[in-house]
Amino acid sequence: ARSDGLEGQVSGARVIAQALKTQDVNYMFGIVGIPVTEIALAAQEVGIRYIGMRNEQAACYAASAVGYLTGRPGVCLVVSGPGLIHGLGGMANANMNCWPLIVIGGSSERSQETMGAFQEFPQVEACRLYSKFSARPSSIEAIPSIIEKAVRSSIYGRPGACYVDIPADFVNLQVNVNSIKYVECCMPPPISMAETSAVRMAASVIRNAKQPLVIIGKGAAYARAEESIRKLVEQCKLPFLPTPMGKGVIRDNHPNCVAAARSRALQFADVIVLLGARLNWILHFGLPPRYQPDVKFIQADICAEELGNNVRPAVTLLGDINAVTKQLLEQFDKTPWQYPPESEWWKVLREKMKSNEALSKELASKKSLPMNYYTVFYHVQEQLPRDCFVVSEGANTMDIGRTVLQNYLPRHRLDAGTFGTMGVGLGFAIAAAIVAKDRNPGKRVICVEGDSAFGFSGMEVETICRYNLPIVLLVVNNNGIYQGFDTDSWKEMLKFGDATTVAPPMSLLPHSHYEHVMTAFGGKGYFVQTPEELQKSLRQSLADTTNPSLINIMIEPQATRKAQDFHWLTQSNL
Ligand code: ADP
Ligand code: MG
């Protein structure tokens, strides 16, 4: 019997934790404070891992990455008012990426509502714009069903973010154990298939294609459709192109991957099979001049409202990507067909790939110092373990890195995504490392950051060191946003005035020793200026399976990507 007279009683915090655990939610990221500290403690008690972060934004990015990587949402736990507001960036990013996420926000006491309570804010209302579902349980007894609904909503249909608001007075309130009914774990999302007639029509459009192309998006990665998509591509001998996070659904070095001829492939394809990717800015809206005006899109997506956005598709396949791809495969099993490997289209694509690859190699082989982006990424690629997670952000760092750094496994690339969010890198890397620790011990996480991108969440290095996550952080440092200045030009410039009046807004402090951020917390830090130093520090970092490291790589402050056929949208993700 308990001495506190609370026998048979349970706290609101405990109910929340137990309800989450019952829904098979296993990871919680957050920052504690009034009124949510007890929720984090209760979560640990029921066996949910709790990872304390340094900013709610990063915590929310981390929780959302868990959802993408495991198919089960992670939780981001935040305090009321500003805590929740800091987390909104992560919610928006998750929702834009169609990744499942649960945000639990403490909120002010119900009895003080509208009185100017501590950190009072209309949180349920605020979250509506950033989520699929946003609600406050009406009582402690209602918590389990609201949490079940939030978890279910986050993974059913198009995945996304869900918010549950917990008033401060719920957290420590004790109720009778018997008054709480935990709702059974929600069923896995039902799998929907496309109409048979549409599948038949799609197969026939593919058979008649002269210049076909398959585009694989992160929806296909999320749907775990890698097996069926690889079969379709190999059986029909189709060229394919991954979107940034579609990379790895089929390995990047697959002979049918035409990523190195991306612009060419998009521009001249006559039939495009779009598997879990939206025709948004990343894919140039599916419109000319980046595409043929009469290109036929076969659009497969789980979200009906997505079908027909920006283009009028030739065929729409509403359903789960894996199921729909299998339906297509059945058609090609019944009446086998393959796209002729000797076609002119393949020749065009192969030639373009060859010349693009040669150009990158040439840039990479430049011996001049400071190094350029290509030199850096070629040396990194040489040493990357095949099964590692690659997390990347920063403008040029991410864009150029993506073309050189290869993915061999699905869901192993995490980057700025649909929303083009900078600051996601460290949160994503922490999530990947935590998930790897549980599921694939020994698997490495390489986080490739621009110096500007690193700055958004740099203090999460402390989190990395606290949990002893052997992440290898690379900061590709050009002293600025897009571009920067070398030390001499910086000093020269300051002769003409105060930095606030003369320094271009893009510049950051030259020659910054970001590696000290890592050594400050006991990790390994390296400052490198030459290919040899880069190779050596990378080798040491990868050999060290227990400690995190940060390699600060100085590159030419004015380095850019190679010239593009299309100059508009080059600042963008692709
Ligand atoms: P990318 O950034 O790779 O282009 P997007 O995020 O734009 O990808 O598109 C992903 C698409 O995948 C979204 O439209 C989403 O509705 C869809 N999607 C998510 N899960 C599934 C699934 N299981 N089956 C089919 N489509 C899915
Ligand atoms: Mg930079």
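Fair warning: this is a prediction, and the values are worked out from it, not measured in the lab. Just so you know, these numbers use all the heavy atoms, side chains as well, and skip hydrogens, waters and symmetry mates. Note that ligands are numbered from 1 as they come in the structure, with each ligand's atoms numbered from 1 the same way.
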Based purely on interatomic distance, does [X] place a nitrogen or oxygen under 3.5 Å from a nitrogen or oxygen of ligand 1?
{"X": "Tyr222", "value": "no"}
{"X": "Cys303", "value": "no"}
{"X": "Met96", "value": "no"}
{"X": "Glu306", "value": "no"}

Please check this pair: side chain of [X] against backbone of [Y], looking for a donor-acceptor N/O pair closer than 3.5 Å.
{"X": "Arg278", "Y": "Asn280", "value": "no"}
{"X": "Gln327", "Y": "Ala194", "value": "yes"}
{"X": "Glu393", "Y": "Met398", "value": "no"}
{"X": "Lys247", "Y": "Arg402", "value": "yes"}
{"X": "Asp320", "Y": "Ile191", "value": "no"}

Kindly identify the option in [options] whose heavy atom sits closest to [atom].
{"atom": "atom 12 (O) of ligand 1", "options": "Gly219, Gly71, Ala323, Ala223", "answer": "Gly219"}
{"atom": "atom 10 (C) of ligand 1", "options": "Pro189, Gly276, Pro100", "answer": "Gly276"}
{"atom": "atom 4 (O) of ligand 1", "options": "Gly157, Pro244, Ala277", "answer": "Ala277"}
{"atom": "atom 27 (C) of ligand 1", "options": "Ile191, Asp320, Ile302, Leu317", "answer": "Ile302"}
{"atom": "atom 15 (C) of ligand 1", "options": "Val249, Asp301, Thr325", "answer": "Asp301"}

Point to revise | Distance flag, aromatic centroids of Trp99 and Tyr68, threshold under 6.0 Å | key: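 They qualify: ring centres under 6.0 Å apart.
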Check your understanding: Quick check, are the ring centers of Tyr514 and Phe527 under 6.0 angstrom apart?
Key ->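 Between Tyr514 and Phe527, the centre distance exceeds or equals 6.0 Å.
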Point to revise | Atoms in ligand 1 flagged as close to Gly217, the criterion being non-hydrogen separation under 4.0 Å | key: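 It comes down to these atoms of ligand 1: 3 (O).
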Check your understanding: Which atoms from ligand 1 have a heavy atom of Lys218 less than 4.0 Å away?
Key ->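 Contacts of ligand 1 toward Lys218, numbered from 1: 1 (P), 2 (O), 3 (O), 5 (P), 6 (O), 8 (O).
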Point to revise | Candidates Leu317, Val324, Leu328 - the one meeting side chain to side chain contact (heavy atoms under 4.5 Å, CB included) with Ile298 | key: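 With Ile298 as partner, Leu317, Val324, Leu328 yield a single side chain to side chain contact (heavy atoms under 4.5 Å, CB included), made by Leu317.
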Review point. Hey, which of Thr487, Asn477, Asp486 is the one that makes side chain to side chain contact (heavy atoms under 4.5 Å, CB included) with His511?
Key: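 With His511 as partner, side chain to side chain contact (heavy atoms under 4.5 Å, CB included) holds for just one option, Thr487.
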Check your understanding: With a cut-off of 2.8 Å, does Gly480 place any N/O/S atom under that distance from the Mg ion (ligand 2)?
Key ->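 Under 2.8 Å: Gly480 contacts the Mg ion (ligand 2) through an N, O or S atom.
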Review point. Measuring to the Mg ion (ligand 2), does Gln483 have an N/O/S atom at a distance below 2.8 Å?
Key: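 No, outside the cut-off.
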Review point. Taking the non-hydrogen atoms of Gly319, is any one of them nearer than 4.0 angstrom to ligand 1?
Key: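 Right, Gly319 reaches ligand 1.
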**Study point:** Residue pair Gln406, Asp252: steps toward the side chain to side chain donor-acceptor pair (under 3.5 Å) verdict
**Key:** CA-CA 6 Å; Gln406 304 273 296; Asp252 279 336; 4.7 Å; no
Looking only at heavy atoms, is any part of [X] under 4.0 Å from ligand 1, and if so is it the side chain, the backbone, or both, or is it neither?
{"X": "Thr418", "value": "side chain"}
{"X": "Thr243", "value": "side chain"}
{"X": "Arg278", "value": "both"}

Check your understanding: Taking the N/O/S atoms of Asp451 one by one, which is nearest to the Mg ion (ligand 2)?
Key ->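 Of all N, O or S atoms in Asp451, the Mg ion (ligand 2) lies closest to OD1.
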Exercise for review: Report yes or no: do Tyr373 and Asn478 form a side-chain donor-acceptor pair below 3.5 Å?
Suggested key: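 On atom types as modelled, these side chains qualify, holding a pair under 3.5 Å.
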Check your understanding: Do Lys218 and Thr418 have side-chain atoms, one donor and one acceptor, less than 3.5 Å apart?
Key ->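 Yes, Thr418 and Lys218 have a side-chain donor paired with an acceptor closer than 3.5 Å.
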Point to revise | Nearest non-hydrogen protein atom, atom 24 (N) of ligand 1 | key: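 Ranking protein heavy atoms by distance from atom 24 (N) of ligand 1, first comes Ile321 N, 2.9 Å.
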